[in-house]
Amino acid sequence: MAAVLRMGSHGADVTKLQELLNQKLKPSPNLDPDGDFGMLTDRAVRSFQRQSKLDVDGIAGNQTWVALGGKPAGPGAPAKPATASGPEPAWMRTARAEIGQKEVKGSGANSRIIEYHASTTLKAQSDEVAWCASFVNWVLKQNGIPGTNSAAAISWATFGDATIARAGAIAVIHNAAAANSSLSRSGNHVGFLVEETTAHYVLLGGNQSDSVKLSNFPKGKWQLKGMRWPKGK
């Protein structure tokens, strides 16, 4: 079985994929065969899939390899999963310092969470209003970075620039089954990426079990809507 490659994968199999895309996709994308599956390689895979009338998902799986007429350089094991590597940006230090902030039970409210809300146009006065997007806005504001000013998690899906999995990326995920829950009214959630594994997105975020904490979100339930990075950072 062919290796399954996607944005964030790297190694000899990606180099082989890039070389085949340069040969088979018309016009040639002229990719640098550097073994790094970034945005240009993702775009080329999607273009080739459209050209070959395959499902367009940006993932180089078995059908895409067959259409390319090649096979990965390695033994066919699954590609190394994307991980959020590299040094964490300054805003992650701010976010980590908030771990442990939690909603107040009963009629009261955690004043810190109200501060998070104040960074959005909604300016909610209750800590029971979904506050994941408010937390991300507040954290970036503390680091001099304009956010979306919206309390809606989906507002982050078009924020800044698209990015691969990297420490501190703003990840927007969706789970229809989570709609109208204490986590989210819409089923959307946003947080800062700590790690992406083959099975989970590990996010540092607000309103996760009613607190700021690290949580695992299984990919079988949560769909990635966007991985974003502040412009110019």
Side-chain angles (χ1 to χ4, degrees), residues 1-89 154 156-175 190 192-203 217-233:
M1 183 177 178
V4 178
L5 306 176
R6 66 190 76 208
M7 188 177 289
S9 298
H10 57 85
D13 291 340
V14 177
T15 300
K16 179 66 174 178
L17 173 67
Q18 292 166 327
E19 292 171 347
L20 288 170
L21 287 167
N22 285 340
Q23 296 169 18
K24 302 291 185 178
L25 181 58
K26 305 300 180 186
S28 173
N30 295 315
L31 298 170
D32 180 9
D34 59 1
D36 184 7
F37 198 132
M39 287 190 294
L40 293 179
T41 302
D42 177 80
R43 189 180 305 162
V45 169
R46 292 175 188 272
S47 295
F48 179 79
Q49 289 171 331
R50 279 190 291 270
Q51 175 182 290
S52 303
K53 296 181 171 55
L54 302 174
D55 291 337
V56 179
D57 58 6
I59 299 172
N62 194 59
Q63 289 186 333
T64 300
W65 281 110
V66 170
L68 283 166
K71 61 182 180 179
K80 182 178 180 180
T83 57
S85 59
E88 290 190 338
I154 195 62
W156 293 94
T158 54
F159 170 79
D161 296 318
T163 185
I164 61 173
R166 57 195 294 199
I170 299 162
V172 182
I173 54 179
H174 177 78
N175 177 0
V190 63
F192 297 106
L193 186 70
V194 174
E195 183 181 12
E196 180 186 353
T197 72
T198 54
H200 295 90
Y201 299 108
V202 183
L203 303 186
F217 293 87
K219 291 182 175 180
K221 296 181 179 180
W222 291 89
Q223 173 192 3
L224 182 67
K225 304 284 282 189
M227 195 83 73
R228 313 298 296 186
W229 194 264
K231 286 185 180 292
K233 298 296 180 179

Euclidean distance, Arg43 CZ relative to Leu25 CG, rounded to 0.5 Å: 12.0 Å

Contact check, side chains of Phe159 and Val172, non-hydrogen atoms, under 4.5 Å: no

Gln49 (side chain) donor-acceptor with Gly58 (main chain) under 3.5 angstrom: yes

CG-OG1 distance between Leu21 and Thr41, expressed to the nearest 0.5 angstrom: 7.5 Å

Thr197 (side chain) donor-acceptor with Ala199 (main chain) under 3.5 angstrom: yes

Pro29 versus Asn22, closest heavy-atom pair with distance: CG-OD1, 3.5 Å

Spacing of Thr64 atom OG1 and Ile59 atom CD1 [to the nearest 0.5 Å]: 9.0 Å

Non-hydrogen atoms of Glu196 and Ala165 that approach each other most closely: OE1-CB, 3.4 Å

Minimum side-chain heavy-atom gap Phe48-Lys24 below 4.5 Å: yes

Full working for side chain to side chain contact (heavy atoms under 4.5 Å, CB included) between Leu17 and Leu31: CA-CA 10 Å; Leu17 173 67; Leu31 298 170; over 6 Å; no

Contact check, side chains of Leu203 and Phe192, non-hydrogen atoms, under 4.5 Å: no

Check: Val194 main-chain N/O paired with Glu88 side-chain donor or acceptor under 3.5 Å: no

Within 6.0 angstrom of Gln51 CD, more than 12 heavy atoms from elsewhere: yes

4.5 Å side-chain heavy-atom contact, Leu5 and Val45: no

Inter- and intrachain pairs under salt bridge (Lys or Arg N to Asp or Glu O under 4.0 Å), touching residues 44-58, at least two apart: Asp42-Arg46

Val202 side chain near Leu193 side chain, heavy-atom distance below 4.5 Å: no

Closest non-hydrogen atom pair, Pro89 against Ala167: CD-O, 3.2 Å

Separation of Trp222 CH2 from Ile173 CD1 (nearest 0.5 Å): 5.0 Å

Output a table of donor-acceptor pairs, distance under 3.5 Å, between side-chain atoms of residues 32-40 and any protein atom two or more places apart or on a different chain; print 'none' if there are none.
| residue | atom | partner | partner atom | Å |
| --- | --- | --- | --- | --- |
| Asp34 | OD1 | Gln18 | NE2 | 3.1 |
| Asp34 | OD1 | Asp36 | N | 3.0 |

Residue pair Met7 / Met227, side-chain heavy-atom distance below 4.5 Å: no

Distance in Å, Phe217 CZ paired with Gln223 CD, rounded so as to fall on 0.5 Å steps: 15.0 Å

Partner set under salt bridge (charged side-chain N to carboxylate O under 4.0 Å, His left out) for Asp161, not counting sequence neighbours: Lys231

